[in-house]
Every structure is written in structure tokens, then in C-alpha cells.
Amino acid sequence: MRLLHQDTATGLLKLRIETPSDLWRISRLTHPGDLVGASTTRRDPEAPEETPGAQRERRRVWLVVRAEQVEFHGFSKHVRVTGPIIEGPFDLGRHHTLDLGEGDELSVQKEELGPGDRALLEEGLASRGDPAVVIAAVDWGESSIVRLRGRSVEPIADVNRTLAGKRYATGQGEKDREAYIAELAGLLEREAPSAKTVVIAGPGFLKENLYRRLVERVPTLKAKLVVFPTAESGRTGVDELLRSGKATAALAGAAAAEESDLVERLITALAGGRRAAVGPVEVTQAVEQGAAETVLVSEGLLRSPEMAAALDQAKSARARVFIVRDEGEAGKRLAALGKIGALLRYDWAPTGGRPERAGAPKGSPEPPRGAPRDGA
């Protein structure tokens with residue numbers, strides 16, 4: 001995302017959309033009531049009255065609408081903003097839909113830029129494109145290949161096949177396996193040229209066989225290929241790799257991978273009972289006491305006035321605010337913890353203690369949580 005102009009007095013932002021992740025950010029940055037402007041087309045009202053509406057020529061104009069509905073279409077990579085026309089050469093007051101895509105410029109005028117809005121804007125301005133990372137979580141008969149680009153996890157193929165066993169005298173099992181690995185290699189060869197890194201993961205030896213096959217067929221791919229073990233294959237294996245932290249260096253630059261890693265770190269810290277806060281009450285306390293280092297907040301809470309003050313205070317205390325998408329495994333896990341959590345700078349305990357843990361015997365003690373260290 002590129003910031004072309006900002007007027008802090010009027011709340012006007014002029015932006016250029018540069019990546020698919022920017023489309024997601026724009027859809028979350030734009031709230032009902034905001035004024036959104038963009039270049040668009042609309043039928044010419046000055047055509048002769050006898051001309052049917054469908055035959056009237058469309059003119060390219062700059063229109064500003066007051067947003068009533070904002071829709072993000074991840075599959076087609078578009079954002080649609082619908083509302084009455086506030087500024088334009090004609091049809092003021094009538095409804096229009098702005099259809100935004102990569103490369104488009106737009107203006108967004110807001111009464112106030114909230115802490116969640118600032119976090120989205122800062123993330124977009126700090127990103128340098130969306131380097132593609134391809135992940136293949138493979139095992140015989142069940143494999144998935146996905147592409148990570150910034151915030152998006154784009155499915156490429158689920159390769160599920162029934163393979164004959166090795167015991168058959170006809171050799172059908174070997175034929176099936178050869179065909180299967182050739183199919184996977186063909187898919188990865190097609191995707192690899194546009195990818196920064198290709199990660200091959202899985203529980204058995206297929207990942208190593210696939211790595212060798214790719215290097216034999218296209219030696220120049222070797223610099224892009226990395227292999228990691230996982231307990232599962234398929235979509236489950238992809239989720240396991242993203243939250244495991246094993247491939248952090250290989251997945252650097254992919255916000256979707258960082259999202260999964262941060263939520264996993266939050267859950268691990270919570271299990272240790274020392275450096276995590278979850279839910280609005282705990283996170284607010286941790287922020288007020290300066291303990292929060294990174295605050296993870298579900299996108300569904302971005303417009304919550306109750307959380308705005310806590311997020312503002314977190315930014316003032318130099319804590320990082322990271323927005324977690326509601327869709328996807330990481331968003332579901334954070335939602336189960338109250339839609340907001342914080343990784344802490346030091347050992348900390350909430351005022352009044354934490355409610356009894358689900359599944360724990362009645363009256364069981366809290367996990368030990370130390371007091372802040374001296375000088376922390």
C-alpha cells in the first residue's frame with residue numbers, strides 16, 4: 001500500500017492499492033459513514049431521454065460515496081464499496097458501487113482514525129509487496145498445495161488419490177506412486193517460478209523423494225526448496241506448519257504465517273501461565289500496567305468502542321497491535337480465547353485472578369504466575 005497524501009485536519013487519506021493484502025486492509029479500514037472516492041464508470045445522464053438506459057454510454061468519472069456497505073471478495077481480489085454519491089459531476093444522492101482492485105487509487109475520509117485503523121495502515125505501508133510462498137504438505141494419497149501472499153492463503157490443489165498397495169504382483173502400487181509424485185512435481189514446477197520459497201512438508205519420506213525429483217528435473221529450483229517434517233499432510237499439515245514456528249525463516253514476509261505463529265505463541269504462553277493475557281478484561285489490565293508487548297485482536301473487534309481505548313493505550317506504550325483475520329484457523333483459535341490476547345513483556349497476573357480453567361477439577365489452583373521482575 002502506498003500513502004499518496006494525508007490531511008490530518010480533515011481525516012483525508014489518498015492511497016494506492018498494490019497487493020491483494022491491501023484489498024483486505026482497505027475493506028477493514030473502511031467503515032460505514034466514511035467517504036470513499038475512486039475513479040469509476042457510470043451511465044451518462046445527459047444522453048437523450050429516448051435513449052434506453054442500457055444503451056447509454058458509460059463515462060469515467062471520479063465519484064465520492066458515503067459508505068453503507070463494504071464487501072471484500074478474496075477470490076476475485078476486489079473490494080466493493082456501496083453508498084449514495086456525495087461528490088461527482090451528476091447523480092448526487094443516488095447509489096453507486098465502487099469496484100476496487102490492485103493498482104487502483106482511492107480516497108478515504110474518516111471522522112477519526114482509530115487504533116485498529118492505524119495498525120492496518122502502518123502494516124500496509126511497511127509491507128514491500130506480497131512475496132509468494134508455496135507450501136506443499138504431502139503424503140501418499142493425501143496432499144495439499146497452497147500459496148501464501150501476505151494476508152491470504154490461496155488453495156492451489158488438493159491431490160487426494162487412492163493408491164494400490166505394494167503387495168500386488170502386477171506392480172500397480174509402484175505405478176500409482178510414480179504417477180502421484182509426477183503429478184505433485186508438475187504442480188510445484190508450475191508454481192515455483194513466481195514463488196520466493198517452496199516449502200515441502202509431510203510425515204513420511206515422500207517429501208524427500210519429491211525434493212529430489214524436483215532438483216533432478218529443474219536444478220535451478222534447489223535454491224528455493226526447503227523441507228520440514230510435520231505429523232500431518234493435507235490442509236491439516238499446512239495449518240500445523242504455519243503454527244509450529246519450524247519454518248519461520250522460510251515463511252518470512254508472509255503475514256498469514258506470522259498470524260498463525262503469534263496465536264500459537266499466545267496459546268503456548270497461556271499454557272505456561274506466565275506471559276499471556278486473554279479476553280478484554282485481562283488485556284486491558286495488562287495494557288494499563290505496561291505489561292503488553294504484542295496485542296492480537298480479531299478483526300471483528302476493530303470497530304468496538306470498548307476496545308478502542310485499550311488499543312490506543314497499547315500503541316502509546318509502544319506495544320505492537322496485530323490484527324488477526326476472523327477466517328482461518330488462527331482467527332478461530334483467537335476467537336475461542338475472547339477475540340483478543342496479549343503476549344507480555346514479563347511475568348504478570350490479572351487483578352482478582354483468572355477464572356477456573358475449563359476441564360480443571362473444581363478448586364484446582366491457577367498455574368503459577370510470577371510477579372513482575374525488578375526493573376522490568
| request: Apply side chain to side chain contact (heavy atoms under 4.5 Å, CB included) to L302 and L120, showing your working. | output: CA-CA 10 Å; L302 288 181; L120 289 168; 3.9 Å; yes
| note | Smallest heavy-atom separation, A335 atom then S298 atom, equals N-OG, 4.4 Å
| Charged N to carboxylate O below 4.0 Å: is that the case for R151 and E123? | yes
| task | Report whether V297 and L113 are members of the same hydrophobic cluster (ILVMFWY, side-chain heavy atoms less than 4.5 Å apart, transitive linking). | result | yes
| query | Is a side-chain donor or acceptor of D22 paired with a backbone partner of E18 at a separation under 3.5 angstrom? | reply | yes
| task | Identify the heavy atoms of A137 and G237 that sit nearest to each other, and give their distance. | result | CB-C, 3.9 Å
| task | Using a 4.5 Å cut-off on heavy atoms from C-beta on, say whether the side chain of F322 contacts that of E258. | result | yes
| field | Linked hydrophobic residues, W140 as query - side chain contacts closer than 4.5 Å | value | V134, V138, I145, I156, V159, L163, Y180, I181, L184, L187, L188, V198, I200, L206, L210, Y211, L214, V215, V218, L221, L225, V227
| said: Taking the cut-offs as 6.0 angstrom to the six-membered ring centre and 45 degrees off its axis, would you call R325 and F72 a cation-pi pair? | reply: no
| field | Minimum heavy-atom distance between A292 and V287, given as atom pair plus value | value | CB-CG2, 3.9 Å
| said: Any side-chain to backbone donor/acceptor pair from D34 onto H31? Under 3.5 Å, distance only. | reply: yes
| request: Examine L4 and V79 and state if one hydrophobic cluster contains both, with Ile, Leu, Val, Met, Phe, Trp and Tyr joined whenever side-chain heavy atoms are less than 4.5 Å apart. | output: no
| task | Please examine the side chains of P280 and M307, heavy atoms only from C-beta on, and report whether any two atoms are closer than 4.5 Å. | result | yes
| Will you find, in the side chains of E68 and H95, an N or O donor that is under 3.5 Å from an N or O acceptor? | yes
| note | The residue among V81, V70, V64 that forms side chain to side chain contact (heavy atoms under 4.5 Å, CB included) with V36 is V81
| request: State, with a plain yes or no, whether a side-chain heavy atom of R235 is found less than 4.5 Å away from one of E329. | output: no
| message | Contact between S107 and L35 at the side-chain level, heavy atoms closer than 4.5 Å - yes or no? | response | no
| query | Should we say atom CZ of R2 is surrounded by more than 12 heavy atoms from elsewhere, each under 6.0 Å from it? | reply | no
| message | Quick one, M1 with I17, criterion side chain to side chain contact (heavy atoms under 4.5 Å, CB included). Give me CA distance, side-chain angles, the key distance, then yes/no. | response | CA-CA 5 Å; M1 185 187 296; I17 300 169; over 6 Å; no
| field | Interatomic distance, L343 atom CG to L296 atom CG [nearest 0.5 angstrom] | value | 5.5 Å
| Is there side-chain contact between L344 and Y346, with heavy atoms separated by less than 4.5 Å? | no
| note | One should read off an interatomic distance between Q6 CD and L121 CG, to the nearest 0.5 angstrom, of 6.5 Å
| request: Indicate the atoms forming the closest heavy-atom contact of A132 with S194, along with that distance. | output: CB-O, 3.7 Å
| Any side-chain heavy atom of N209 within less than 4.5 Å of one from R212? | yes
| Above 12 or not: heavy atoms from other molecules or residues under 6.0 Å from NZ of K110? | yes
| request: Could you tell me whether a side-chain N or O of S27 sits under 3.5 Å from a main-chain N or O of W24, the two making a donor and an acceptor? | output: yes
| Judged by atom type as modelled, is there a donor-acceptor pair below 3.5 Å linking the side chain of R345 to the main-chain atoms of G290? | yes
| message | With a 4.0 Å cut-off on N to O distance, would you call R217 and E189 a salt bridge? | response | yes
| query | Can you hop from V281 to W348 via hydrophobic side chains spaced under 4.5 Å? | reply | no
| field | Gap separating the OG1 atom of T19 from the NZ atom of K77, nearest 0.5 angstrom | value | 11.0 Å
| Hey, what do you get for OG1 (T284) to CD (Q289), rounding to the nearest 0.5 Å? | 11.0 Å
| task | Indicate yes or no: does R243 engage E232 in a salt bridge with an N to O separation below 4.0 Å. | result | no
| field | Cationic N near anionic O, under 4.0 Å, R275 to D347 | value | yes
| query | Quick one: do E183 and R161 make a salt bridge, cutoff under 4.0 Å? | reply | yes
| query | With distance as the sole test, does T230 use its side chain to make a donor-acceptor pair with the main-chain N or O of A201 at under 3.5 Å? | reply | no
| Taking all atoms of both residues into account, what is the closest heavy-atom pair of E259 and V324, and its distance? | OE2-CA, 3.5 Å
| query | Do L241 and V199 have side chains that get closer than 4.5 Å, going by heavy atoms? | reply | yes
| task | Check whether the side chains of Q69 and E71 place a donor and an acceptor atom closer than 3.5 Å, and report yes or no. | result | yes
| said: Pair L92, I86 - check side chain to side chain contact (heavy atoms under 4.5 Å, CB included), show working. | reply: CA-CA 6 Å; L92 297 182; I86 303 301; over 6 Å; no
| message | Nearest 0.5 angstrom please: D158 CG to S144 OG, how far? | response | 3.5 Å
| Whether E282 side chain and V278 backbone form a donor-acceptor pair below 3.5 Å | yes
| field | Check against side-chain hydrogen bond (donor to acceptor under 3.5 Å, both in side chains), R59 and T41 | value | CA-CA 5 Å; R59 288 172 53 185; T41 61; over 6 Å; no
| said: Whether the side chain of S233 engages the backbone of E142 through a donor-acceptor N/O pair (distance < 3.5 Å, no angle test) should be reported. | reply: yes
| message | With a 3.5 Å distance limit and no angle check, can you tell me whether D239 reaches the backbone of T236 through a side-chain donor-acceptor pair? | response | no
| note | Here the gap from L270 atom CG to L337 atom CG, rounded to the nearest 0.5 Å, amounts to 6.5 Å
| query | Would you find a donor on one side and an acceptor on the other, under 3.5 Å apart, between the side chain of E293 and the backbone of R320? | reply | no
Residues 309-316 side chain polar contacts: donor-acceptor under 3.5 Å, at least two apart:
| unit_1 | atom_1 | unit_2 | atom_2 | d |
| --- | --- | --- | --- | --- |
| D312 | OD1 | R118 | NH2 | 2.2 |
| K315 | NZ | E122 | OE1 | 2.7 |
| S316 | OG | D312 | O | 3.1 |

| field | Same apolar cluster (I L V M F W Y, side chains within < 4.5 Å links), W62/L100 | value | no
| Hey, are the side chains of R60 and S39 touching, using non-hydrogen atoms and a 4.5 Å cut-off? | yes
| query | L125 and V321: same hydrophobic cluster, using ILVMFWY side-chain contacts below 4.5 Å? | reply | yes
| Would you say the side-chain atoms of K224 pair up with the backbone N or O of A192, donor to acceptor, closer than 3.5 Å? | yes
| Electrostatic pair R147:E191 at N-O distance under 4.0 angstrom | yes
| field | Intermediate values then yes/no, side chain to side chain contact (heavy atoms under 4.5 Å, CB included), E327 and K332 | value | CA-CA 7 Å; E327 64 180 30; K332 293 174 184 176; over 6 Å; no
| said: Looking at every non-hydrogen atom in both residues, tell me the closest pair between E216 and P219 and how far apart they are. | reply: O-CD, 4.2 Å
